[in-house]
Enquirer: 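Structure provided below as structure tokens; questions to follow.
Count residues from 1 along the sequence. Because the structure is predicted, anything quoted here is derived from the model rather than measured.
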Amino acid sequence: MHLVPADRADRRAIDGHRVCDAIAAIGEPGHVRTWADRFSLLADAKRLALLLALHRTGPLAVSDLAIATGMNDPAVSQALRLLRAAGVVVGEKEGRVVRYRVVDEDVRGLLAGCAADAVAVSEAPETRSR
């Protein structure tokens, strides 16, 4: 038997079994919130650019990331601070230099798909109107 939450039990479903499957697919609200938070981190183009650079190249310092992304050092540092607080990246100190890398496996998986799309687009033959 499928169970619909009590606050929705009075609603008439068209495909009741699919409603139950959808409820199961959504899962726990806390899990959904965690993913929404991850996606909000990735929703900023500059943070995403930083993550893509780190994902493709491995550990990089703030100044190198600034050059790669066209951002200034303080903006890169601020973005990395947010990503570090969320557990997406870590910084590893080597002497006076801190190099950052992506450590969140779920985010790595998303970046892998994103990076694969970027490579496919960059390798696609150009089509121009004549």
Enquirer: Any side-chain heavy atom of Leu50 sitting closer than 4.5 Å to one from Met71?
Expert: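 Answer yes - side chains close enough.
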Enquirer: Compare every heavy atom of Ala53 with every heavy atom of Leu65, then report the nearest pair and how far apart it is.
Expert: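 In terms of heavy atoms, the two residues are closest at CD2-CB, 4.0 Å.
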Enquirer: Roughly how far, to the nearest 0.5 Å, is the CZ atom of Arg84 from the OH atom of Tyr100?
Expert: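 One finds 4.5 Å between OH of Tyr100 and CZ of Arg84.
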Enquirer: Specify whether Trp35 and Phe39 have parallel, tilted or perpendicular ring planes, treating 30° as the upper limit for parallel and 60° as the lower limit for perpendicular.
Expert: tilted
Enquirer: For Val98 and Lys93: C-alpha separation, side-chain torsions, deciding distance, then whether side-chain contact (heavy atoms from CB on, under 4.5 Å) applies.
Expert: CA-CA 4 Å; Val98 178; Lys93 193 166 184 159; 4.1 Å; yes
Enquirer: Looking at CG of Asp64 and CG of Asp73, how far apart are the two atoms once the value is rounded to the nearest 0.5 Å?
Expert: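 Between Asp64 CG and Asp73 CG, I get 9.5 Å after rounding to 0.5 Å.
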Enquirer: For the SG atom of Cys114 and the CG atom of Leu42, what is their distance to the nearest 0.5 Å?
Expert: 8.0 Å
Enquirer: Would you give the length of the straight line joining atom CG of Asp104 to atom CZ of Arg108, rounded to the nearest 0.5 angstrom?
Expert: 8.5 Å
Enquirer: Please assess Leu41 against Leu51 for the test side-chain contact (heavy atoms from CB on, under 4.5 Å), listing each intermediate value before the final yes or no.
Expert: CA-CA 10 Å; Leu41 283 171; Leu51 289 169; 5.8 Å; no
Enquirer: side-chain contact (heavy atoms from CB on, under 4.5 Å), that's the test. Do Arg47 and Leu83 meet it? Break it down for me.
Expert: CA-CA 8 Å; Arg47 282 193 300 265; Leu83 294 167; 4.2 Å; yes
Enquirer: May I ask you to test the Lys46-Thr69 pair for a side-chain heavy-atom distance under 4.5 Å?
Expert: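 Result no, sub-4.5 Å side-chain heavy-atom pair not found.
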Enquirer: Measure the CG-CG distance between Leu80 and Leu54 for me, rounded to the nearest 0.5 Å.
Expert: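 Result: 7.0 Å between the selected atoms.
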Enquirer: Rounded at 0.5 Å granularity, tell me how far CG in Leu82 sits from OG in Ser40.
Expert: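 Answer rounded to 0.5 Å: 9.5 Å.
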Enquirer: Search all heavy atoms of Arg99 against all heavy atoms of Pro59 and return the closest pair with its distance.
Expert: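 Looking at all heavy atoms of both residues, the shortest contact is CB-CB, 3.8 Å.
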Enquirer: What about Leu60 and Leu48, same hydrophobic cluster or not, with Ile/Leu/Val/Met/Phe/Trp/Tyr joined at side-chain heavy-atom distances under 4.5 Å?
Expert: yes
Enquirer: May I ask you to test the Glu28-Val32 pair for a side-chain heavy-atom distance under 4.5 Å?
Expert: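 No, too far: nothing below the 4.5 Å cut-off.
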Enquirer: Decide yes or no on side-chain contact (heavy atoms from CB on, under 4.5 Å) for Arg38 and Thr34, but give the supporting numbers first.
Expert: CA-CA 6 Å; Arg38 279 189 183 124; Thr34 298; 4.1 Å; yes
Enquirer: Within the structure provided, determine whether Ile23 and Val19 are in side-chain contact (heavy-atom separation under 4.5 Å).
Expert: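 Side chain of Ile23 against side chain of Val19, heavy atoms only: contact under 4.5 Å found.
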Enquirer: If every non-hydrogen atom of Ala66 is compared with every non-hydrogen atom of Val76, which pair is closest and at what distance?
Expert: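 Heavy-atom minimum between the residues: CA-CG2, 3.7 Å.
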Enquirer: Under 3.5 Å, side chain of Asp15 to main-chain N/O of Arg18, donor-acceptor pair present?
Expert: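 Side chain of Asp15 to backbone of Arg18, a donor-acceptor pair under 3.5 Å: no, none is there.
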